[in-house]
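These notes concern the structure reproduced below.
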Amino acid sequence: MASVVTRFAPSPTGHLHLGGARTAIFNWLLARHFGGTFRLRIEDTDLLRSKQEYTDSILASMRWLGLDWDGEIVYQTTRTELYNSYVEKLLASGNAYYCSCTSEEVEAMRQKAKAQGLKPRYDGHCRNLGLGPGDGRCVRLRLPDSGRVVFDDLVKGSIAVDVKELDDMVIRRADGMPTYNMAVVVDDHEMGLTHIIRGDDHVSNTPKQILLYQALGLPVPRFGHVPMILGKDKQKLSKRHGAKAVIEYEKDGLLPEALVNYLARLGWSHGDQELFSRDELIRFFDGTNLNPSAACFDDVKLAWCNAHTMREMPLSELVAKVRPFVSTLGFGTLESERLEPLCVMFRERASDLLGLAESFRPLLLNATALEYAEKDARKHFVPAAAVHLKVLEGLFASCEPFDAEHIDAVLNAYVADNGLRFKEVAPPLRTALMGFMGGSHLNEIMAFLGKEETVQRLARARAFCEKG
Ligand code: GLU
Ligand code: ZN
């Protein structure tokens, strides 16, 4: 097989969304699986809606997702001449012709066909008039008189369309601009595409594009049309379903590995495996097992996938990734030696980087700034707790070295030697240290805070207990 070439061809009319990201992922995976080439093309011909800021944002999201592309980016707006050279070829070979019909005339033809119960289409009025170029004249493709366009879709299987369903489509408008399908076919050919995976909102363009390939005598690539991503209620995916642009997931501290993993599974499967490393995705994704029915976006499963990724990734990587979120929250720039124990303590409890950074908050404040959760304070800061906290203050003050192991020994000895139960001592201690009944292992929390801060927190909480 010739080397696989795929592409992603976004229109820069908005940020990269989940559907686009998934299309990009599938094409990227297919290329990487076969050791092929993944190209990027910016379909910026809609001058009113296309914006440079969106192109920049899409590229940034691609980079963030780790979807590296090969070769130069192709911008459609720079290629009008190229497209027109293909239009000229079609004119020269007789596969295309000039049409002088006005839009009113074409509309009238459509209405007439409709009235006869036929598909609304251009009736071929100028097909054999032998018109040359002229003001107000577009160029149309001459379709075969009969026959079917058949293709084997990677996702949907065999698709056949009778040419009677189609009409001699415009390939260059009267203003000299090639039309969308014309540009796409020229680009896909020039860029050497062998496989095109895209949203099934394009499936009706495909027979038209295939007719163009055939008229030009060009090889037709393989197509795969993936169904839309829907919300859980089977409606078109939107913010309402908790779906966000890729750039927002980045801001909120999702891990790109998790988003790639989750989206790859949305409409593709490999047995019942849910969690994949990037290498596994590349190894298993070969363009088969793409699901022809619509997949539903599930933000809970995405969060689960992200939590898993966060748990499994190397600690040093997690530290590097959480650091910017720690600064954003105003906790300053922390050394890796400080961030590492925090990540160890909290990585299993958070579902994204922002949540992870946020969970560090109680440990990064000074004792006096710690706020107590009202419910927990009321329940655990009782006079009896003051006694425990007072003794522990003294014991911890003389605990040397003040590390997790020795702290644990001190705490356990206090509980055992006094015939106490852990659950009498731990809740007030935890509330004193964290401000609420959450967090990680008490000894690790205290080791992180250090002796002085620990003792201060206990003393401050004791004052509350004594007030009752
Ligand atoms: N630019 C098109 C889009 O954003 C993609 C066209 C294609 O994949 O052929 O939907
Ligand atoms: Zn005409």
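Everything numeric in this text was worked out from a predicted model, so none of it was measured. All ligand and atom numbering here is 1-based and tracks the order in the structure.
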Considering heavy atoms of the protein only, find what lies nearest to atom 6 (C) of ligand 1 and give residue, atom and distance to 0.1 Å.
Tyr180 OH, 2.8 Å
Looking at Glu453 and Gly450, would you say the former's side chain and the latter's main chain have a donor-acceptor pair under 3.5 Å?
no
If we only count N/O pairs under 3.5 Å, is Val184 in contact with ligand 1?
no
Under 2.8 Å from the Zn ion (ligand 2), is there an N/O/S atom belonging to His125?
no
Quick one: sort the Phe223 and Tyr213 rings into parallel, tilted or perpendicular, breaks at 30° and 60°.
perpendicular
Consider only side-chain N and O atoms of Arg172 and Tyr86, and report whether a donor and an acceptor are under 3.5 Å apart.
no
Subset of ligand 1 atoms that lie under 4.0 Å from at least one heavy atom of Arg198:
7 (C), 8 (O), 9 (O)
Any donor-acceptor pair under 3.5 Å linking the side-chain atoms of Trp304 with those of Asp298?
no
Which residue supplies the protein heavy atom nearest to atom 4 (O) of ligand 1, what is that atom called, and how far is it?
Ser11 OG, 3.3 Å
Going by the closest heavy atom to atom 7 (C) of ligand 1, which one wins out of Arg7, Gln209, His225, Arg41?
Arg7
Quick check against the 3.5 Å criterion: does Asp168 have a side-chain atom that pairs as donor or acceptor with the backbone of Arg142?
no
Using 2.8 Å as a strict upper limit, say whether an N, O or S atom of Tyr122 approaches the Zn ion (ligand 2) that closely.
yes
Between SG of Cys101 and SG of Cys126, what angle is found at the Zn ion (ligand 2), rounded to 10 degrees?
100°
Taking Arg7's backbone N and O only, do any of them form a donor-acceptor pair with Asn27's side chain (distance below 3.5 Å, no angle check)?
yes
When you measure from atom 5 (C) of ligand 1 to every protein heavy atom, which one gives the shortest distance, and what is it?
Ala9 O, 3.3 Å
List the closest protein heavy-atom neighbour of atom 3 (C) of ligand 1: residue, atom name, distance to the nearest 0.1 Å.
His202 NE2, 3.6 Å
Hey, could you give me the OH/OH distance between Tyr249 and Tyr262, rounded to the nearest 0.5 Å?
8.5 Å
Do the ring planes of His270 and Phe284 sit parallel (below 30°), tilted (30 to 60°) or perpendicular (above 60°)?
parallel
To which protein heavy atom is atom 1 (N) of ligand 1 closest, and what is the distance rounded to 0.1 Å?
Glu43 OE1, 2.5 Å
